[in-house]
Structures are given as structure tokens and as C-alpha cells.
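As a basis for the values below, the full set of heavy atoms in this structure was taken, side chains included, without hydrogen atoms, waters or symmetry mates. Sequence lines set the chain letters: A, B, ... in the order given, protein chains first and strands last, and positions in each chain run from 1.
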Protein chains: 2
Amino acid sequence: MAGVQRGPRERMVFSAAQLIRHDGVGATGMRDVAEHANAPRGSLQHYFPGGKEQLVGEAVAWAGRYAGGRVARFMADLAEPTPSALFAAMVRQWTDEYETAGVLGGCPVAAATVDCAASEATREAAAAAFTTWRGPVAEALTELGVPAERAEPLATLMISSLEGAIIMARAEGDVRPLTTVARELGPLLDAAVPPDDRRGEA
Amino acid sequence: MAGVQRGPRERMVFSAAQLIRHDGVGATGMRDVAEHANAPRGSLQHYFPGGKEQLVGEAVAWAGRYAGGRVARFMADLAEPTPSALFAAMVRQWTDEYETAGVLGGCPVAAATVDCAASEATREAAAAAFTTWRGPVAEALTELGVPAERAEPLATLMISSLEGAIIMARAEGDVRPLTTVARELGPLLDAAVPPDDRRGEA
DNA sequence: ACCTTTCCATGACAGCGGTCATAGTAGCCG
DNA sequence: CGGCTACTATGACCGCTGTCATGGAAAGGT
């Protein structure tokens, strides 16, 4: 993802997100995070006095911001400005990872949600992350001509389908669910923009 | 769910599925499973010599069979035989649980997929579970008049959206994503059955 | 009665988890 | 230099986990 080498603190948050989305929250240890980030273990308690809960929370928040930010970049690169093309780009981010890395990673936010039972704070962080992801998607949809009252529901549908397809794809070890979802959902998304708006938005 | 009290072995598999979907795979201990099932701890090593991996695998398989079996029951109870009604019933199973239990549980299969990194066997069990779930859904769709070649893809879309919505709903602590997905996806599903088949299937 | 199989009980072990306590280093300000 | 703050290092603690070893109870067949 964004492989820039910022300060140790930022690297640790980033590494935490990486490890969480790969192994799950419970299976990622603090020591692993420090090692993966090439950061001193002693820094953990200095930068994250709130312990693992804080680290996980920041990792999830980071993932939410990242996902939201990607939407803007996708919009800029769209060959044709349609909702289905945006969704296809969102899906392609995941299939591309499979092609290059050979493995299908998961979504840190979903991982945090699945074993959030221990910590209410983590659940709230995940909820916030979904919100900061859904917002830009809904905005993008309205930019693409989707009526305002349908933008939020459709954004929810897009993210839900994507998250579910990621899980199924990981289980099967194949991108099929991802590509299927992109193909099947496309027409519905495009049908949401009124005919007089087709081919014309900024 | 199916609260029948069978033998201790079956109870333990059932309890494992319950705990996994609530806490995640890593966070559910073998001792917890035995206690939750009112089963002796010593039975674990007797019934599941394969250890936790075996228990998790059977719990996931059980969940897959359960989900697949539910589809048939949903079909029998449908007020009107449309794909959207089937999907609504699938979604309602989860919103109902929220109404009664006050908490939103997760899906054991999704939970197993998320932290399956440690065990390839678990990943395969999850894949198998998704297959034994998707099969009945696709069959039901064809029974409802969906052309054969679209049944499987649409089943994948339905399950993906449902799984994703479950996760978002858990994070937000609200059923909104579930109801939204059901409402938004309904028209697409019904549109898949050709006009000359509307109102007529067995 | 006796023995075999199935099932249950319990305690021990080794490993790893997060967290705390303590102490050391680097840099900057006076 | 002294003192202060930011950061790093390391080791110890306690709790928990899955697993194993050993031994005890039923049960049922002969």
C-alpha cells in the first residue's frame, strides 16, 4: 500500500493494520508489530500507552482513512465516469493484490469487527472506519449522477458486497467472488443514475 | 438456533460454532467450548483427537450445513415466491436475532475465514461451508425462475452482500446495513427472472 | 465375575500473550 | 556542567491457551 517510511509510530500503525488484516486481531502480537515495523519494542508502550486496544484502534482508523482516500484516486482515474466503473476499480484493488502477492489479504476493519467481542472501543473504531469509508463513496456516487437519497444506501451495498466477496474469495483462494460481484452489481449501480444524467458529470 | 440437545459431541460442535461467531476463532478456548456445551472437558480430546483445528473445522462445516438447510425452510415459508423475498428472509434471520438477543452475532464461517491464517485446513473448511451454502441458494433461485447460468453468480452476490452487511451491522451496532442491502438488492434479483416466468413456479 | 471399549476427570507442562518496572541513551535548553 | 524530556532497551510477571499423560468410571458383552 502506501509504503512511505514515516516515523516509527506511523510505521507501527501501518504494520499493525497489515498484520491484522492478514492474521486477525487476536493472532497479531504486539511484539510482531514492532518487529514488522522495524521499530523498537520499547516504543510500543511509549507511543501507545493505551496498549493493544489503542494500537488496534489506530490501525483500524488508518485503514478507514486509507479506504476513503482511495475513492478519490479511483474517481480521478476512471476511464468512464459511471458507478459501475467505480465499483470495478474498488474491486480491482483486491484482485490486483492477489495477482501480485499471490495471497488474498483481508480487510483490517472486517477483521477487527469479527473479533471485537473483547473491546467495545475496537467495535466503535470499526464503525467509525466504515463511516469514513462510506462517506467518500456516497459522495462519489452523487458526483456520478446518482440521486442524493440513493447514494448512501448504494454505498452501503457496495461496501457490503465488497467485504463479503473479500471473505469468500479468501476462503476459496480465488478471486471469483470478487469478479462475480463486480459484474453482477454493475448494472444495478448504473441504473441508479437518471437517463438525463448519463455521460455528463464532472 | 437449533437448540436440540443431542449427544455431548454434537453439543460441543454447536457450542463451538456459537462461540466462534461471537468471539472469533482465536478468542474461543477449548475449555470455554466444553463449559458452554455443559460437556466434560475430558471429552474434548476423546471426540476431537485432531485438537482445536478439528473442532473448528466441524463447527464451520456444521454452520455451512445449517445455512444451506435454512434456505429450504425459507423457500417453504415464502409468502410470494420471488428471489427478493428469499433474500429478505435470509436477511431477516439476522435482524430477528438482533431484535430478540439484543446483540448482533457474526457468522462462524466468516469468523473462521478471517483468522484462518494459521491453518490451511480451516480455510478449506470455510470454503466448503460457503459451497454448501451457495448450492441451495442457487437451486432455490432457479426454482424461482432465474435462468440457470445466472443462479450461481447471483447466489454469490447474495451471500457476499449478506456477509458484508452482517459485518457492518455488527460494527455499527445497528441493523441498518442489513435492511439497506435487502431493500437495494431486491429489484436486481427479481429482474433476473424472465417476464414469462413471473408468478408461476412451484 | 472379568475384561474391553467408550467416555470422563484432572493435573501438569510448555509456550506465548500483553503489560509493567526499571534502567539506559540521545538530544536539547540553560 | 546539570537537568529535563523524548525515546529505547530488557527482563520479569501473570494469565491463559492447547496439548498431553495418567487414571478413574460406566457399559456391555461373554
Trainee: What is the distance, to the nearest angstrom, from the CZ atom on A/Phe48 to the C1' atom on C/dG17?
Mentor: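 Nearest whole value for this atom pair: 18 Å.
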Trainee: What does nucleotides 10-21 of chain D look like as a protein-contact string, B for base, S for sugar-phosphate only, - for none, at under 4.0 angstrom between heavy atoms?
Mentor: BBB----SBBBB
Trainee: Distances under 3.5 Å only, N/O to N/O: pair up the protein atoms with those of nucleotides 4-6 of chain C.
Mentor:
none

Trainee: So, B/Arg21 side chain and B/Gly105 main chain: donor-acceptor pair closer than 3.5 Å or not?
Mentor: no
Trainee: Provide the full list of salt bridge (Lys or Arg N to Asp or Glu O under 4.0 Å) pairs with a residue in residues 151-166 of chain B, sequence neighbours left out, each pair given once.
Mentor: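 Applying salt bridge (Lys or Arg N to Asp or Glu O under 4.0 Å) to every pair that reaches into residues 151-166 of chain B, excluding sequence neighbours, yields B/Arg134-B/Glu152.
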Trainee: Go through the side-chain N and O atoms of B/Gln93 and B/Glu97 and say whether any donor and acceptor fall under 3.5 Å apart.
Mentor: no
Trainee: Check the side chains of B/Thr156 and A/Thr180 for a donor-acceptor pair under 3.5 angstrom, ignoring hydrogens and angles.
Mentor: no
Trainee: State whether A/Glu99 and A/Arg92 are salt-bridged, where the test is any N-O pair (Lys NZ or Arg NE/NH1/NH2 against Asp/Glu carboxylate O) under 4.0 Å.
Mentor: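 Salt bridge absent between A/Glu99 and A/Arg92.
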Trainee: Among side-chain atoms of B/Thr28 and B/Asp23, is any donor-acceptor pair under 3.5 angstrom?
Mentor: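 The criterion, which ignores hydrogens and geometry beyond distance, is not satisfied for B/Asp23 and B/Thr28.
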Trainee: How many whole angstroms separate atom CG of A/Asp23 from atom P of C/dC16?
Mentor: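 In whole Å, C/dC16 P lies 15 Å from A/Asp23 CG.
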Trainee: Tell me the interatomic distance from A/Asp115, atom CG, to C/dG17, atom C1', rounded to whole angstroms.
Mentor: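 Distance check: A/Asp115 CG to C/dG17 C1' gives 14 Å.
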Trainee: Output the rounded distance in Å from CG (B/Leu44) to C1' (C/dA9).
Mentor: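 In whole Å, C/dA9 C1' and B/Leu44 CG are 12 Å from each other.
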Trainee: Is the closest basic N to carboxylate O distance between A/Arg123 and B/Glu172 below 4.0 Å?
Mentor: no
Trainee: Please check if the distance between the ring centroids of B/Tyr66 and B/Trp62 is under 6.0 Å.
Mentor: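 Ring centres of B/Trp62 and B/Tyr66 closer than 6.0 Å.
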